[in-house]
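For reference, the structure is listed below as structure tokens.
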Amino acid sequence: MTRGVENLEIAKLLDELADLLEIQGANPFRVRAYRNAAETVKASSRSLADLVEEGTDLTALQGVGKDLAHQLEGLIRTGTLERLEEVSREVPRSLATLTRLEGVGPKKARKLWDELGVTDLDELEEAAEAGRLEGIDGFGKKSQEKILRAITDLRQVTGRFKISEVERLTSGLVDHVREAPGVERLERVGSFRRRRETVGDVDLLVQLAPGGDGRSVVDHFASFPGAERVEARGGTKGSLVLRSGLQVDLRVIPPESWGAALHYFSGSKDHNVRVRQLAQRKGLRVNEWGVFRVTELAEDAGDEGADGVADAPNAGTRDFGERVGGATEEDVFASVGLPWIPPELRENRGEIEAGLEGRLPELVRLEDIRGDLQMHSTWSDGENSLEEMALACRDRGYEYMAITDHSPSLAMVQGLTAEKARRQWREIEEVRQRVEGLHLYRSMEVDILRDGTLDMDDEVLREMDLVLISVHSFMDLDRTEMTERVLRAMEHPLVDILGHPTGRIIGKRKSFELDVEAVLQRARELHVAVELNASPNRLDLNDVHVRRARELGVQVVISTDAHRTRGLDDMHFGVAQARRGWLEARDVLNTRSRSEFEIWLKRRETATREAGA
DNA sequence: GCCGTTTTCGGCCCGACTGTTTTCAGTCG
């Protein structure tokens with residue numbers, strides 16, 4: 001169990017190298033190759049360091065050839081990416097950060113460096129404030145101001161917003177745009193539609209009614225009172241920044257192009273590239289306006305655009321050739337031989353191949369969920385009583401629920417002592433009598449203590465219907481110690497579910513050091529389920545780990561960890577994350593009926609006895 | 001730098017908008 005270089009670190013270095021190569025003016029396809037490899041590494045459910053240790057040939061990975069495999073092995077062995085060291089001797093590494101500024105790409109970064117000697121944000125800010133940018137070819141007063149704003153933005157905004165925040169921040173704007181004349185349909189697309197855990201900016205798609213005027217829709221959009229500023233406003237596209245710093249782009253789409261645009265702007269970029277490649281092989285062109293058969297004539301028109309010769313002012317009316325689809329997403333996919341692929345899967349993580357081979361998963365849906373297995377009440381740090389939580393669960397159509405108040409080591413939330421737990425069970429019994437049509441399980445979120453023992457006596461645990469364990473303290477242990485701690489806790493024969501396994505709080509706290517692969521392997525052997533915590537602040541496990549759990553055959557529990565009745569509504573965030581991890585209903589323990597769920601609880605006991613744990 | 005129903009070379013996805021360019025490059029998604 002070595003502590004190797006993490007996949008995310010590897011991906012970051014590859015991306016940085018791509019940035020620097022781009023600034024250097026390297027072959028753009030070579031740059032693309034590094035970026036593709038970075039994506040592959042990010043999406044890999046296995047640690048590359050582990051793969052290397054096992055002797056796996058890295059060229060088996062998509063987009064990794066002989067050269068990159070060699071470089072990656074070097075990186076894992078020595079901790080440095082040799083090629084990056086080489087390139088950064090010629091181009092300062094800090095230049096890469098300049099391209100993170102809105103409106104600054106590799107060419108401009110290069111120019112700023114060449115002309116002004118600027119290498120980082122501070123120097124750029126100084127130069128811009130002194131008015132030294134105006135003099136450079138291709139820069140003017142406006143770009144100078146824009147760069148100053150972009151520097152401020154970059155420093156203020158952490159970059160990405162939680163999906164729950166985006167939902168809240170854009171609801172007013174969505175209502176506003178719906179009121180514009182000529183708006184037939186409206187959809188938030190991009191990473192929001194793919195239900196990523198965080199969203200960088202939001203794409204709003206509007207279907208224009210026949211005879212509607214795109215420009216007036218964009219103008220109405222731009223007049224939104226909550227806008228901090230309007231960045232762009234044209235005939236088919238507008239862009240603004242909300243006061244929260246969230247950027248929203250609007251695209252106006254004619255009805256015949258709705259499906260093509262929906263697909264195009266939902267992305268991901270990598271997924272779209274694959275779809276267009278498939279199209280190309282069939283002699284088709286897929287763009288945001290539709291699917292077209294490529295003819296001599298249309299190709300000429302395309303070349304003209306590329307040569308920059310007198311473009312038609314409104315691309316929406318351009319002739320791309322014979323239209324063969326694009327009104328619905330289904331016909332875009334069908335045109336390249338694919339079934340409709342749910343947005344959550346569109347990350348180029350195998351969904352294209354699965355679609356072509358007819359083995360896409362039938363993803364779990366919110367309606368499949370039969371119960372919620374982590375929530376808190378006024379018995380510890382929750383805001384609502386047992387009965388209020390029970391009624392709220394029944395309102396959501398559940399068959400069962402588990403009350404999982406904290407164990408005593410969490411002193412600040414007044415966790416349940418053994419004695420307090422027994423009193424709680426009496427109240428549970430009373431609520432069972434009063435609330436019909438829903439079963440309450442006795443449970444507890446038991447702390448995993450520093451040494452991997454549990455924060456509750458076996459005698460008490462034995463009387464519970466199910467036991468959930470999780471880490472809330474000593475989160476800075478090293479990887480070996482933390483992993484051993486969690487494994488030891490899971491091996492306790494009364495444990496059923498491992499809660500929020502990596503402990504991360506999105507945007508606030510990184511995961512603690514943990515060998516998730518080892519934990520999932522052991523979970524399978526012990527028949528312990530792992531939680532996908534549905535709180536939009538956690539979403540723990542993440543999509544990649546969830547998918548790995550499925551590959552290994554580990555049961556996943558989607559729980560809200562609600563601390564008030566409203567928190568129970570977070571379930572849909574968890575289901576979305578589960579879908580991003582390719583889970584089907586049968587992979588999710590709490591889609592089972594009450595009786596099937598209770599059979600699982602017993603099977604766990606049997607398996608543990610047989611394993612001799 | 002990768003890759004192969006265009007297979008070891010020659011391709012590699014595509015269009016809109018901005019700003020400063022008087023004919024288009026750069027950036028973004």
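The shown structure was predicted, so the numbers you read here are calculated from the model rather than taken from an experiment. Naming: A, B, ... by sequence-line order, numbering from 1 per chain.
Toward the 5′ end of DNA chain B lies the nearest nucleotide of A:Tyr34, the other residue of the pair A:Lys146 and A:Tyr34 mapping further downstream. Take the nearest nucleotide of DNA chain B for A:Arg281 and for A:Val31: the residue whose nucleotide is more 5' is A:Val31.
Using a 4.0 Å heavy-atom cutoff across all strands shown, A:Val104 reaches sugar-phosphate atoms only and no base atom. As judged by a 4.0 angstrom heavy-atom cut-off over every strand, A:Leu101 is placed among residues touching the sugar-phosphate backbone only. Within the nucleic acid shown, A:Pro106 comes within 4.0 Å of sugar-phosphate atoms alone, with no base atom in reach, counting heavy atoms only. No contact: A:Asn272 has no heavy atom under 4.0 Å from any strand. A:Val64 comes within 4.0 angstrom of the backbone, heavy atoms only, and of no base. At a threshold of 4.0 angstrom between heavy atoms, the contacts of A:Lys111 with the nucleic acid are absent.
Checked by distance alone, A:Asp249 brings no side-chain donor or acceptor within 3.5 Å of a matching partner on the base of B:dG29. For A:Tyr264 against B:dG29, a side-chain N or O and a base N or O form a donor-acceptor pair under 3.5 Å.
Nucleotides B:dT27 and B:dT20, compared at atom P, are 13 Å apart to the nearest Å. Distance check on atom C1': B:dC3 versus B:dT7 gives 8 Å, rounded to whole Å. Here the separation of B:dG4 from B:dT8, taken at their C1' atoms, is 9 Å to the nearest Å. To the nearest whole angstrom, the two P atoms, one in B:dT6 and one in B:dC2, are 22 Å apart. For the P atom pair drawn from B:dG15 and B:dG10, the interatomic distance equals 26 Å after rounding to whole Å. Using atom P as the reference point in both B:dG26 and B:dT21, the two lie 13 Å apart (nearest Å). The C1' atoms of B:dG1 and B:dT5 are separated by 24 Å, rounded to the nearest whole Å.
Counting heavy-atom neighbours within 6.0 Å of A:Lys42 NZ, excluding the residue itself, gives a total above 12. The number of heavy atoms from other shown groups lying within 6.0 Å of NE2 (A:His70) does not exceed 12.
Per the geometry, CG belonging to A:Asp67 stands 21 Å off P belonging to B:dT8, to the nearest Å. Rounded to an integer number of Å, the gap from CG of A:Leu250 to P of B:dC17 is 11 Å. Following rounding to the nearest Å, A:Arg233 (CZ) and B:dT18 (P) show an atom-to-atom distance of 10 Å. To the nearest angstrom, C1' of B:dC2 lies 12 Å from CZ of A:Arg30. The separation between A:Leu284 atom CG and B:dC14 atom C1' is 15 Å, rounded to whole Å. When rounded to the nearest whole Å, the span between CG of A:Leu20 and P of B:dG1 equals 15 Å. Remark: P of B:dA25 and CG of A:Asp137 are 13 Å apart, rounded to the nearest angstrom. Here B:dC12 presents its C1' atom at 7 Å from CD of A:Gln277, a figure rounded to the nearest Å.
The only option from A:Ile151, A:Thr97, A:Ile147 that meets the side chain to side chain contact (heavy atoms under 4.5 Å, CB included) definition with A:Val104 turns out to be A:Ile147. The only member of A:Arg550, A:Arg349, A:Arg548, A:Arg195 that meets salt bridge (charged side-chain N to carboxylate O under 4.0 Å, His left out) when paired with A:Asp543 is A:Arg349. A salt bridge (charged side-chain N to carboxylate O under 4.0 Å, His left out) with A:Arg194 is found for one member of A:Glu351, A:Glu347, A:Glu344 and no other, namely A:Glu347. Each of A:Asp19, A:Asp270, A:Thr40 was evaluated against A:Arg35; a single residue qualifies, A:Asp19, per the side-chain hydrogen bond (donor to acceptor under 3.5 Å, both in side chains) test.
The six-membered or imidazole ring of A:His263 lies near that of A:Phe333, with a centre-to-centre distance under 6.0 Å.
The backbone N or O of A:Leu262 lies less than 3.5 Å from a partner atom in the side chain of A:Ser266, making a donor-acceptor pair.
Distances shown here put a side-chain N or O of A:Arg83 below 4.0 Å from the OP1 or OP2 atom of B:dG1. For the pair A:Gln280 and B:dC12, the criterion of a side-chain N or O lying under 4.0 Å from OP1 or OP2 is met. The shortest distance between the side-chain N/O atoms of A:Ser143 and the OP1/OP2 oxygens of B:dT18 is not below 4.0 Å. Here A:Arg251 does not reach the OP1 or OP2 of B:dC17: none of its side-chain N or O atoms lies under 4.0 Å away.
Distance from the side chain of A:Lys107 is smallest for B:dT27 among the nucleotides B:dT27, B:dC17, B:dG29. Checking B:dG29, B:dC17, B:dG1 against the side-chain heavy atoms of A:Thr236 singles out B:dC17 as nearest. When the nucleotides B:dG15, B:dC2, B:dT27 are ranked by their closest atom to the side chain of A:Lys108, B:dT27 comes out on top. With B:dC17, B:dG29, B:dC2 as the choices, the nucleotide that has an atom nearest any side-chain atom of A:Leu68 turns out to be B:dC2. Considering only the side chain of A:Lys142, B:dG19 comes nearest among B:dC2, B:dG19, B:dG29. Residue A:Gln62 has its side chain nearest to B:dC3 when only B:dT6, B:dC3, B:dT27 are considered.
Summarising the base pairing, B:dC2 is matched to B:dG11 through a Watson-Crick or G-U wobble pair whose two defining distances lie under 3.5 Å.
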